[in-house]
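Presented below is the structure to which this report refers.
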Amino acid sequence: MIENEIQVLGTSHKKKNRFRPVWWSIVVVITVVLIASAIYRLGRLEKTYVSTINSGLQMGVDSLLREKMFELNALSGQAIVMDVKSGEVKALVGISRRDGALQVDENVFGIQQESGMVQGVSFMAALASRNVHLTDSVDTKDGVLTIEGITIKDHNWYRGGYQTISVEQALHVSSNIGIYESVKRAFGKGQGYFDMLKKMSYGMPDSIEGISGLKKGNFLSPKERSWDDTYLAWSCIGYDHAIVPIQMLTFYNAIANDGKMVKPRIYEGDIEVINPQIADSASIKAMQYTLEGVVSHGLGKLASSGFTKAAGTTGTFQIYSSEDEGLPNIYSVEFCGYFPADAPKYSIIVNMIKPGYPASGGGMAGPVFREIVDYIVKEQN
Amino acid sequence: MKKQIIISSTNELVRVQPERIVYISSDGNYSTMVLHDQLEHLFTMNLAHVQQELEKQLGEKAQMFIRIGKSLIINRNYIYKINVGKQQLVLSDMVLPQAFTLSASKEALKQLKQLLEDEIK
C-alpha cells in the first residue's frame, strides 16, 4: 500500500488495513514450517519402525515356553532373547492363563515382581565393591540364620544347610545366607549396597519403545524408611524389589557384554548405551566365571546345552503367600543366562509363575533355557 | 458554551470553536486558519505543531479534522465535493453562500474519497 496521503487527526498513522498482509504472511510461514516438520518426522518414522524380532525364533520360543507352562500348570510366563552386543530383541514371548487356556499376552512384560534373580545382582554388587573375593569363605551354618528375631533360611535348611562354603559356591547353590554374608562383608550394614545397585544401573531401562506399561525397577532402601539390619538381609535376596524380566535380562546382558549395558530394542536403530561400564572389568570377569560355574557345577545344570557352553543363574522366589487361605503359594521360577560363554552372542531370560511346590528356577526354567539355546544353535547351522 | 481550543504562540493567543474552522493550510513555517465566515488568521507555527495542539486539546474530537498531504488540514464536516480528476476539493458551510475550493494531489483525494465511501458501508 502506498504511504498514506491523508490522516484523520487523533488516530495512529498506521491504518488497520496495512497490518493484514503482514499478519497473513506470518500465518503462512508458520503453517509451512509446521507442515515441513511434520513431513520430516513422518519420513523418519517410516525408517524407524522395523522390528528386530526373528519370527521363526519367536514361534519356536513360544512353543517351547508354552509346553513347559502347560506341564507346570503355570499362571504366566515370559521368554526373551536378546543380542548381547546390539541389544536387539530377537524373541519376545509373553503368555498368560486366561479362561483356563494359555494365551499370548503382551501385558505381562510390564508387571513388576520380586525375583530370585536378585541374588545374582547382589553377588555382582558384592564383587564390585572389591571387598569380597570368590575364594573367601562364608559360613552358612545349618542353613538357618537369625537376625534380630527374623529368620533367613537356605533352601536346604531341613537337610542341615551348606555350612562353610566359598563365596563362589554361594551363588552356585543359591544360598540366601551366603549371599547375605557376602553383601554384609562388602558393604557393612548401610547405604553402600543400594548405592552400588544404582551405580550399576540395576532396574533400567525405564521405558522401551513398543513395550507398554514399563516402569523403572526399584527397591526400598535405607533412605526411604527407618533402617533396620534385617532389611538389608531381606533386600539382598530379593524382597522389596520390584522389577520385570526384561530389566533383569538387561542387567545380566551387561555382564555378558563385559560390563557395557545396552538398551533392549524391538525396533531397528542405533545401539543405545545405558551404562558404559557397570563395574570394573576384573569384577565382571569374576562374575562371568561364577555364572559359568552355576551351569557347570551348580543349580543351573539343567540349563547346560550339549552344543555350546552357556552361563547364567537361577531364581526361585515365593511371590505370593496364600497358604493361610487354603490356596497354594505362588512362586516365580526363572533362569537368565547367555551363550556361548567365551564370546557371548545371545542372552536369554525365562520366567514362569506357578502355583504350589515344587518350585525350582534351575529345574524348571533351566530346561526351557537349554531348549532355546539348542534351537538357536541348530537354526544357525 | 461549546468547547474552545486555544492556539498560542509567544506573542499571541487565539481562542476558537473548532466547529468554525473550515481548514488550515500552510506553506512551510506559517499556517493560515480559515473560519467559516471567511475570517482568516495567520499563525507563526508549522502545520505539524497546529496538528499537535488540535489533537492534544480535542482528544477524540480531533477526528473531525483530516490532514491532507503535508500542507492542509480540513474539517471533514465541511466537505462538499471531491473531484479527483480535476484535483479539486470544495469545502462549504451549507449555510453561508460562500464555498472554498482547494487543490490537492490525486492520490490524496482518491484516499479521502475512499475513506468517506468506506464509512457508509
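All values derive from a computational prediction rather than experimental measurement. Scope of the values below: all heavy atoms of this structure, side chains included, with no hydrogens, waters or symmetry mates. Naming convention: chains lettered A, B, ... in sequence-line order (proteins, then strands); numbering from 1 in each chain.
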Select, from B/A104, B/S105, B/A62, the one with the greatest count of heavy-atom pairs under 4.5 Å involving chain A.
B/A62
Starting at CZ of B/R67, measure out to CG of A/L9 and round the result to the nearest 0.5 Å.
8.0 Å
What's the separation between atom CD1 in A/I6 and atom CG in B/L112, rounded to the nearest 0.5 Å?
5.0 Å
More than 12 heavy atoms of other groups within 6.0 Å of [X] [atom1]:
| X | atom1 | answer |
| --- | --- | --- |
| B/K113 | NZ | no |
| B/E60 | CD | no |
| A/K260 | NZ | no |

Sequence neighbours excluded, the answer for side chain to side chain donor-acceptor pair (under 3.5 Å) partners of A/S347 is A/N253
What pairs of donor and acceptor atoms, side-chain ones from residues 38-45 of chain B against any protein atom, are under 3.5 angstrom apart with sequence neighbours left out?
residue	atom	partner	partner atom	Å
B/H41	NE2	B/E12	OE1	3.3

Any donor-acceptor pair under 3.5 Å linking the side chain of A/E5 with the backbone of B/E107?
no
Contact check, side chains of A/V8 and B/L115, non-hydrogen atoms, under 4.5 Å
yes
Please classify the contact between B/L54 and chain A as side chain, backbone, both or neither, with a heavy-atom cut-off of under 4.5 Å.
side chain
